[in-house]
Amino acid sequence: MKKYIQIHPKDNVAVALAALQKGEQLKLGNTCIEIKEAIPAGHKIALSDIATGAEVIKYGYPIGHTIQSVKAGEWVNEQNLKTSLCGVQNYQYHPLNHSIEKAQHLQTFKGFRRSNGTCGIRNEIWIIPTVGCVNGVANRLAERLKKETGETKIDAIRAYPHNYGCSQLGEDHEQTRKILRNMVLHPNAGGVLVIGLGCENNQPNAFRDFLGTFDQTRIRFLVCQEVEDEEETGMSILRELYALAIKDVRVDIPLSELRVGLKCGGSDGLSGITANPLVGSFSDYLISQGGTTVLTEVPEMFGAETILMNRCSNETLFHQTVSLINDFKNYFIRNEQPIYENPSPGNKAGGISTLEEKSLGCTQKSGQAEVCGVLAYGDLVKAHGLNLLSAPGNDLVASTALAAAGCQLVLFTTGRGTPFGTFVPTLKISSNTQLATQKPKWIDFNSGTLVEGDNPETVLKQLIDLIISIASGKYSCNEINGYSDIAIFKTGVTL
């Protein structure tokens, strides 16, 4: 196994693929570089002398500037490297052709065709509160139905408690309503019981109207203040939903109807070398099949945003992407917080030193496709192809937003590991083999073999096969563990 990688010919740093010891020699073309100090795996090595204030180049782009001179063979990290990013910017559109050629062989998966024509990859019963006051009722009903049915004829029975639905104003209230609406209508559910209290801001009758047209045999309502025994009434409704859902069967669905969310968290120095580019290759593959991917966590586009902007298929989308970026920067400014308070301590320990570096690695999950849609938080995806979604970097908030946008599953790359899942299957793809070996109950797929000699096309084929099998009914690790939660983005006042 090679001990380092120079990602792009322009780069003046390399990444250690294994821990390097002082005195080791790295051969770069006809030049040998002596390692001046111990450098952990995933971290950066200077390939030449870099003067104070000079740009450090990785992925072929600047990832910041040095705040002290660095000699060839020395460790480049947050102690000698600083972001060069600034605040809200003006951008120019320089379009690049990034269309993906349509695949000759179109694939299918086994999914559930819903009455409105949409398709799901799970057949679950969901209990969704309109307000946090009835979370306990929702949880108890879910446990009772699980115990009564044994959960053997359906993929899962889940309650989705949350803190909101009341004491919110303006945008926050509407964001809560949108996320809950999109959940209620999501095709991964074969039956949904919406539970309200009765006096909340998110009034059940108004929320029912907010859903628009829906299958009233599969989406039912219970208002706790209007019945004598909310548990018995709820169980009666759930038994009816369960009886309908267990009759649903999987059928062949074109892969063009699959919508996949793209997210990363707990990234390390290998994330931008293994896991994220691999997911980017899958994104391009799915788009070649006519399918859809959605990239989010806007603050982790800062520093790589122009790459996405210039891949927009038209000028309207370019301007929407500019707003996506600058609106999020203004959100930080309004709250008197630094725009570039990133990467996290875990990222730095893994080898990521600046937000530019993190973003350039993060956005590789989008592959090479052109941007075909830009979504506000709470919007449903409409355009096939690559979409950008407004949401923060927080893992559960962003993953919930991806699922609420209509994604039937989320691909989540990680270098340090995380067990969580949102309300759709959340597949964890490790950037390194050590993590996959250490946490097999968390990790669904190991991309670390890409720096151990495995053929990239073979690894991509293995990932495609896994995703199709997950879409066809195989459980992801978060599902096996029973980890399935939601988090709604909050920006304003709580009454």
Side-chain angles (χ1 to χ4, degrees), residues 111-146 148-149 151 153-162 164-165 176-198 200 202-224 226-227 230-231 233-248 259 378 380 400-401 403-409 421-425 479 484-486 488:
F112 295 96
R113 181 65 69 189
R114 301 304 180 190
S115 60
N116 63 357
T118 61
C119 72
I121 68 169
R122 292 291 179 269
N123 196 35
E124 301 180 342
I125 298 291
W126 293 349
I127 304 162
I128 300 177
T130 59
V131 64
C133 306
V134 292
N135 285 345
V137 179
N139 287 331
R140 184 170 293 182
L141 286 171
E143 290 307 311
R144 284 188 61 178
L145 188 63
K146 288 178 186 179
E148 184 173 299
T149 63
E151 228 177 349
K153 296 181 180 180
I154 201 163
D155 287 321
I157 297 165
R158 303 191 193 280
Y160 287 104
H162 58 88
Y164 302 126
T176 294
R177 280 162 44 90
K178 286 179 180 179
I179 295 298
L180 295 180
R181 174 198 62 192
N182 294 355
M183 287 184 67
V184 170
L185 299 174
H186 199 285
N188 278 14
V192 178
L193 174 59
V194 181
I195 301 184
L197 180 60
E200 63 267 36
N202 188 20
Q203 278 285 294
N205 287 337
F207 184 67
R208 185 196 301 265
D209 294 339
F210 189 54
L211 295 181
T213 303
F214 63 91
D215 186 341
Q216 297 185 35
T217 65
R218 297 299 185 107
I219 298 172
R220 304 281 297 277
F221 279 74
L222 167 64
V223 182
C224 293
E226 296 179 359
V227 298
E230 65 277 1
E231 279 196 40
T233 304
M235 286 302 298
S236 178
I237 297 171
L238 286 170
R239 291 182 188 110
E240 293 174 10
L241 290 172
Y242 185 84
L244 291 172
I246 61 176
K247 295 176 183 177
D248 296 337
R259 300 181 298 275
L380 283 167
T400 301
C407 296
Q408 298 110 325
L409 62 91
T422 187
F423 69 94
V424 300
E479 293 178 288
S484 182
D485 299 287
I486 64 170
I488 301 171

From [X] [atom1] over to [Y] [atom2], what is the distance, rounded to the nearest 0.5 angstrom?
{"X": "Ser115", "Y": "Asp248", "atom1": "OG", "atom2": "CG", "value": "9.5 Å"}
{"X": "Ser484", "Y": "Arg122", "atom1": "OG", "atom2": "CZ", "value": "11.0 Å"}
{"X": "Leu211", "Y": "Ile219", "atom1": "CG", "atom2": "CD1", "value": "6.0 Å"}
{"X": "Thr149", "Y": "Ile125", "atom1": "OG1", "atom2": "CD1", "value": "9.0 Å"}
{"X": "Asn182", "Y": "Cys407", "atom1": "CG", "atom2": "SG", "value": "11.0 Å"}
{"X": "Leu241", "Y": "Arg220", "atom1": "CG", "atom2": "CZ", "value": "6.0 Å"}

Would you say [X] and [Y] make side-chain contact, with heavy atoms under 4.5 Å?
{"X": "Asp209", "Y": "Asn205", "answer": "no"}
{"X": "Ile179", "Y": "Ile486", "answer": "no"}
{"X": "Leu197", "Y": "Thr130", "answer": "no"}
{"X": "Val184", "Y": "Phe214", "answer": "no"}

| Under 3.5 Å, side chain of Glu226 to main-chain N/O of Gly198, donor-acceptor pair present? | no

| field | Sidechain-backbone polar pair: Glu124 side chain, Gly190 backbone, donor-acceptor under 3.5 Å | value | no

| field | Presence of salt bridge, Lys146 and Glu143, under 4.0 angstrom | value | yes

Heavy-atom pair with the smallest gap, counting every atom of [X] and [Y]:
{"X": "Arg218", "Y": "Ala245", "answer": "NH1-CA, 3.9 Å"}
{"X": "Pro425", "Y": "Gln408", "answer": "CD-O, 3.4 Å"}
{"X": "Pro129", "Y": "Val134", "answer": "CB-CG2, 3.7 Å"}
{"X": "Leu238", "Y": "Ile127", "answer": "CD1-CD1, 3.8 Å"}
{"X": "Pro187", "Y": "Arg259", "answer": "CG-NH2, 4.1 Å"}
{"X": "Gly234", "Y": "Leu222", "answer": "CA-CD2, 3.8 Å"}

| said: Check the orientation of His186 and Phe423. Use parallel for under 30°, tilted for 30 to 60°, and perpendicular for over 60°. | reply: perpendicular

| query | If you draw a 6.0 Å radius around CZ in Arg140, do more than 12 non-hydrogen atoms from other residues or ligands fall strictly inside? | reply | no

| request: Could you go through the side chain to side chain contact (heavy atoms under 4.5 Å, CB included) check for Ile195 and Glu230 one step at a time? | output: CA-CA 9 Å; Ile195 301 184; Glu230 65 277 1; over 6 Å; no

| task | Show your reasoning for whether side chain to side chain contact (heavy atoms under 4.5 Å, CB included) applies to Leu180 and Tyr160. | result | CA-CA 10 Å; Leu180 295 180; Tyr160 287 104; over 6 Å; no

| Short side-chain donor-acceptor distance under 3.5 Å, Asn123 and Arg114 | yes

